[in-house]
There are 2 protein chains.
Amino acid sequence: MTTQTAADARRDTAAEYNAFLANCPSRQLLDRISDKWVALTLSALGSGPDCDGDPRPLRFSELRRILAGVSQKMLTQTLRNLEADGLLTRTVTATVPVTVTYELTDLGVSLHGAIRALKGWAEQHMDEVFSNRTSQAVACPAG
Amino acid sequence: MTTQTAADARRDTAAEYNAFLANCPSRQLLDRISDKWVALTLSALGSGPDCDGDPRPLRFSELRRILAGVSQKMLTQTLRNLEADGLLTRTVTATVPVTVTYELTDLGVSLHGAIRALKGWAEQHMDEVFSNRTSQAVACPAG
DNA sequence: CTGTATCCTATATGATACTG
DNA sequence: CAGTATCATATAGGATACAG
């Protein structure tokens, strides 16, 4: 059928421009860290809730608490993805209520390091970004 | 009305956990670079389509071509956001068909630098990530 | 050429209920 | 505790048509 012109066309085109930008590994990487909770999960496992400690394993419930409003669904999904990518390990201990801990792999720790670098930029420049945003808003009172 | 319990509750909770994780500037930064086309736009303006050149101004139509499948809507929206954040400048030249060029500001160039660092991680490790992903899939033939 | 406005759908994500 | 399954919905994002 040629009925789903829209969807089909979009999918075809997608294949094209993915290929075109395939030389940018950042494309795939961004697809991964763009997930709403991925970076936060990596941060939590990589340096705790204050984003300033050392890597350490955490239980599902701890992660859920640290990432506050995250739903079970999203947390599970995020953890499964990161596990599949080899960025963290999932360890089940058959205690009375089962205990599951998540811990960054070396690969996960290295990505966390890269993310920290980006965070460095943010710490230095986000003030400037926000002040730009505000002045833009003020600069358009006619709106 | 107290009808939109879901939406309202979510918004309230959101305020809470945003505050909780506010010590992570990466939170706001990620909100920005998580936009599907932001990183690609910064890459294009920062180092061209091959992600390996020097920063240079580009016209709307050039960006549209480089970011292949991007829609006008998304490209415009992305550019407006980046402009509002002071990451790039928009210059209109009143030629016959109007000419508009976009160029990274110093701030934008510096962010591009940070993103390049992340790209460095990707270049080194994405192979590993993908091989992990594949072996996971193969490891579950029962599915 | 460079947008703006509108509509429409896919997707992401949350709420809820249920399970080992 | 740590999920899984299902349903509901907000939002992002694309298609299309129009405009300066």
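The sequence lines fix the lettering, A, B, ..., with proteins before strands; numbering per chain opens at 1. Note that the structure is predicted; figures quoted are calculated from it, not measured.
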Mind calculating the distance between CG (A:N81) and P (D:dG3) to the nearest angstrom? 14 Å
What's the CE-C1' distance between A:M74 and D:dA8, to the nearest Å? 14 Å
Check whether any side-chain N or O of [X] sits under 4.0 Å from OP1 or OP2 of [N], and answer yes or no.
X: B:R64; N: C:dG3; answer: no
X: B:R59; N: C:dT2; answer: yes
X: B:R90; N: C:dG3; answer: yes
X: A:Y102; N: D:dC1; answer: no
X: A:S61; N: D:dA2; answer: yes

Quick one: on DNA chain D, does A:T101 or A:K73 contact a more 5' nucleotide (nearest heavy atom)? A:T101
Are A:V38 and A:T78 close enough that some pair of their side-chain heavy atoms sits under 4.5 Å apart? yes
When you compare the side chain of B:T41 with that of B:Y102, does any pair of heavy atoms fall below 4.5 Å? no
Counting side-chain heavy atoms from C-beta on, which of D:dC1, C:dT13, D:dG3 comes nearest to A:K36? C:dT13
Please compare A:Q72 and A:S34 by the position of their nearest nucleotide in DNA chain C and report the one closer to 5'. A:S34
